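In this text, all values refer to a predicted model and were calculated from it rather than measured experimentally. The chains referred to below are lettered A, B, ... by the order of the sequence lines, with proteins before strands, and numbering in each begins at 1.
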Amino acid sequence: MIDLAGLNPQQREAVTTTEGPVLILAGAGTGKTRVITHRIAWLIAKGVPPGHILAVTFTNKAAREMLERVNQMVPRRRRRAGQAAPERPTICTFHSLCVRILRRHIHRLGYKPNFVIYDESEQLGVIKRLLSRLANPKDRPDPGAVLASLSRLRNAAGSRAAAEPDPLALRLLEEYRRALRACNAVDFDDLILLTLELFEKHPDALEECRRRHRYVMVDEYQDTNAAQFRLVHALTAEHRNLCVVGDDDQSIYGWRGAEIANLLDLEKYYPGLKVIKLEQNYRSTNRILKAANALIRNNPRRRPKNLWSAHGEGEPILLHVFDDEAQEAQAVVEHIETNRRIRRIPWSEQAVLFRTNIQSRPLEAALRKARVRYHLVGGQSFFDRREIRDLLAYLKLLLNPDDDISLLRIANVPARGLSDRTMERLLAASQERGQSVYQTMRSPVVQTEFPRRTGGAITRFVDLVERTRAELEALRAEPGGRKLSDWVLGFLQRIGYLEDLRRLEKDPEVAENRHRALVETIRSMDPLEREPAEPAPARLQRFLEEVSLDSDRDEDDRPRDAVTLITIHSCKGLEFGHVWIVGLEEGLLPHTRSKMEGSLDEERRLFYVAITRARKTLHLSWCRARRKYGQLQASHPSCFLKELPEDLVEPAEKQPPRLVEAGNAKALLAAFRQELNLPEET
DNA sequence: AGCACATCACTTTTT
DNA sequence: GTGATGTGCT
Ligand SMILES: Nc1ncnc2c1ncn2[C@@H]1O[C@H](COP(=O)(O)OP(=O)(O)OP(=O)(O)O)[C@@H](O)[C@H]1O
């Protein structure tokens, strides 16, 4: 049996109540996630086939970690010869779960199984096209705002958040969905909504999923939206074996449609719901906990909680003030190094948290300068790079030629005589004919409508795509043979893309970086040694899926000691011994924009989440001025700082700690000596 | 058709 | 400071 000694009585009750609906509503660091992991192991030990267990996490990273923990806890059943590998529990995000379901069934909804997943920039591409067609150019609405409102509209549909029926928005949504369908593409919302549609139209598919997922658990449940709730409900309404864990104070995705009501009103949908509260915090010192509690008390309409910790008072929380973000970054880095050298705290126990992605820049610069290894979690920046987007567009097009957005992106990259003007005409023709752009380009009738030279360019492009697709199919026959990455690189070489990349960038160093990033990404398509061989097209599809759904997929190399740089949103669920929260300024936290949207409470919850990540020490800092578009602008301390009790927070000393000081020179020497004996790579 | 250069607006969070 | 968009030259 599974050892439940590492759990308190309430946790144990949650783990062993395996049948019927259970809600664990508890504050930060009380061991909610731990309950889920133990519960999975418990179910398996009790003899539930692992394949019947579904655990939904908020991120792919969390899913990977949970699976790993479960594997450690559950002794691997030995495999007898000839027997299939024992099934594993399904641990993934809502979106990954839905992709798996849709790959099997989406043809029943009129899509082809080779559908691609559109990310935000591709969604925006579709919206821009629609707006240019529907609205007059004078009062063009912001495409981003339109996209956000469409997303809200469709996710709230069929839920208590009653939809306001704006006819224009409905019309736009209709057009948008049609456009994506025509491209055989789905967006993030579609993944959930189409799965729901599948369940409604094809009860046998729902039945199959219900039979498969007989024990369902959801982590970070406070951040699920209405559609995700409907999905959970669809799967569990019958057997009612549902266990969700969450904390209303940690709901930080309201802007994405998350509904705390899913958590607070769960009993309406699951009468007889067993609610379990956990109050002991196993993570932080009492000072950190008290600060967090004092802050979050300022929020209205919350479930009050009595968090306590047996970890003692701990060190004071330090508040730093700096002149600008460069100084802030430098001081944080010096402090991190002091911690490592004098207090022997590894980098991996230290994290810097911030509200917005750009804030990582000065930190990265300072860390690099000090030769401190770090890893940056989340942040789309990597996939926003032009060469990566181009690569993904080519690959998507090869798998799914109807993908107009990808086609239009790379049709003339590198230049091959298909000008913007030509592509616009093709696009118009494709709309008239009710076909994808690619199908339109294949039509001999259309080709002859263009000047000879352009017509030739069109034919050559179609030939290129056809030939390359055939090549990809042929690769299927030699699974162990040529590496997929070699083939992709060869393709980019042949079409002159690599040369173009170098030529169009005048700074040779930048060009080299771009090239390296591209090659690295392509190399990550190849399977690892121990992974089973897979036909090339399937491999490619999986690669695209992973890239679309999992932003931090490649930071999985071998674990090396490194400082974590992370946005507050992505740090939910994590913990670090020593935490810095930087940029605690009005306009940043709380963010100006959230103030306008009236979501100050959610900003406060963000700060709460950030504080409660810390186990032992917590540093807060703000800057008197900050660079905005290269312009230094005055800034003021966050109003949330005033909400922290004064006796818990100490102003830091004027100077940042000196690495070499009379008092610690000896320790430093000892540290150096040790480093020389055990050299670490940097 | 394709490229180089100027000008403009822009500031959030992510599956 | 960046990246998207537009203009004008070859
Ligand atoms: N019963 C326990 N005994 C000792 N340590 C525990 C116990 N339960 C949880 N912990 C530890 O407390 C820490 C927080 O646990 P966990 O991440 O599961 O909490 P959580 O409630 O999910 O937190 P959050 O809501 O902040 O994400 C972890 O380090 C975990 O190992």
**Message:** Rounded to whole Å, how long is the line connecting atom CG of A:Asn155 with atom P of B:dT14?
**Reply:** 18 Å
**Asked** Reckon A:Asp189 touches a base, only the sugar-phosphate, or nothing at all at heavy-atom distances under 4.0 Å?
**Response** nothing
**Candidate list A:Leu606, A:Asn298, A:Asp249, A:Asn299, test side-chain contact (heavy atoms from CB on, under 4.5 Å), partner A:Asp601, passing option** = A:Asn299
**Request:** Would you mind reading off the distance between A:Tyr253 atom OH and B:dT15 atom P, rounded to a whole angstrom?
**Result:** 6 Å
**Message:** Is there a side-chain contact between A:Ser419 and the phosphate of B:dG2, meaning an N or O under 4.0 Å from OP1 or OP2?
**Reply:** no
**Fill in**
Residue pair A:Pro451/A:Ser548 against DNA chain B: nearer the 5' end by closest nucleotide is A:Pro451
**Message:** Distance to the ring centre below 6.0 angstrom and angle to the axis at most 45 degrees; does that hold for A:Arg626 and A:Phe322?
**Reply:** no
**Prompt:** Quick one: A:Arg421 CZ to C:dT7 P, roughly how many Å, whole number?
**Reply:** 16 Å
**Message:** Measuring to OP1 and OP2 of B:dT14, would you say a side-chain N or O of A:Thr59 lies under 4.0 angstrom away?
**Reply:** no
**Request:** Compute both the distance and the angle, then confirm whether A:Arg604 meets the cation-pi test with A:Phe640: under 6.0 Å from the six-membered ring centre, within 45 degrees of the axis.
**Result:** no
**A:Lys61/A:Asp550 ion pair, N-O < 4.0 Å** = no
**Item:** Heavy-atom donor-acceptor pair, A:His569 side-chain to B:dT13 base, under 3.5 Å
**Value:** yes
**Message:** For a quick test of reading the model: is some side-chain N or O of A:Thr356 closer than 4.0 Å to OP1 or OP2 of B:dT12?
**Reply:** no
**Complete:** Ranking A:Ser96 and A:Ala415 by the position along DNA chain B of their nearest nucleotide, the one closer to 5' is A:Ala415
**Asked** Among all residues two or more places apart in sequence or in another chain, which pass the side-chain hydrogen bond (donor to acceptor under 3.5 Å, both in side chains) test with A:Ser638?
**Response** none
**Request:** Give one of base, sugar-phosphate or nothing for A:Glu603, where a contact means two heavy atoms less than 4.0 Å apart.
**Result:** nothing
**Message:** Taking side chain to side chain donor-acceptor pair (under 3.5 Å) as the cut-off, I'd like each qualifying pair that reaches into residues 115-128 of chain A, sequence neighbours left out, listed once.
**Reply:** A:Tyr118-A:Asp403, A:Asp119-A:Ser121, A:Asp119-A:Arg389, A:Ser121-A:Arg389, A:Glu122-A:Lys396, A:Gln123-A:Tyr176, A:Gln123-A:Asp187
**Complete:** Scanning both residues in full, the closest heavy-atom pair of A:Ala28 with A:Asp247 reads N-OD2, 3.4 Å
**Item:** d(CG, A:Leu549; C1', B:dT15) in whole Å
**Value:** 8 Å
**Request:** Please indicate yes or no: is the ring centre of A:Phe58 less than 5.5 Å from the centre of the six-membered base ring of B:dT15, with the two planes inclined by under 30 degrees?
**Result:** no
**Prompt:** According to a strict under-4.0 Å criterion, is A:Asn357 in side-chain N/O contact with OP1 or OP2 of B:dT13?
**Reply:** yes
**Prompt:** Between A:Arg361 and A:Glu325, is there a side-chain N and carboxylate O pair less than 4.0 Å apart?
**Reply:** no
**Message:** How many whole angstroms separate atom CZ of A:Arg605 from atom C1' of B:dT13?
**Reply:** 13 Å
**Item:** Rounded interatomic separation in angstrom, taking CZ from A:Phe229 and C1' from B:dT15
**Value:** 20 Å
**Under-4.0 Å side-chain N/O to phosphate OP1/OP2 contact, A:Thr454 with B:dA1** = yes
**Message:** So, OP1 or OP2 of B:dT13: does either fall under 4.0 Å of a side-chain N or O from A:Ser594?
**Reply:** no
**Prompt:** Contact class for A:Ser570 vs. all strands (heavy atom < 4.0 Å): base, sugar-phosphate, or nothing?
**Reply:** sugar-phosphate
**Request:** Sugar-phosphate means primed atoms, P, OP1 and OP2; the rest is base. With that split, encode nucleotides 1-6 of chain C 5' to 3' as B, S or - using protein heavy atoms under 4.0 Å.
**Result:** BS----
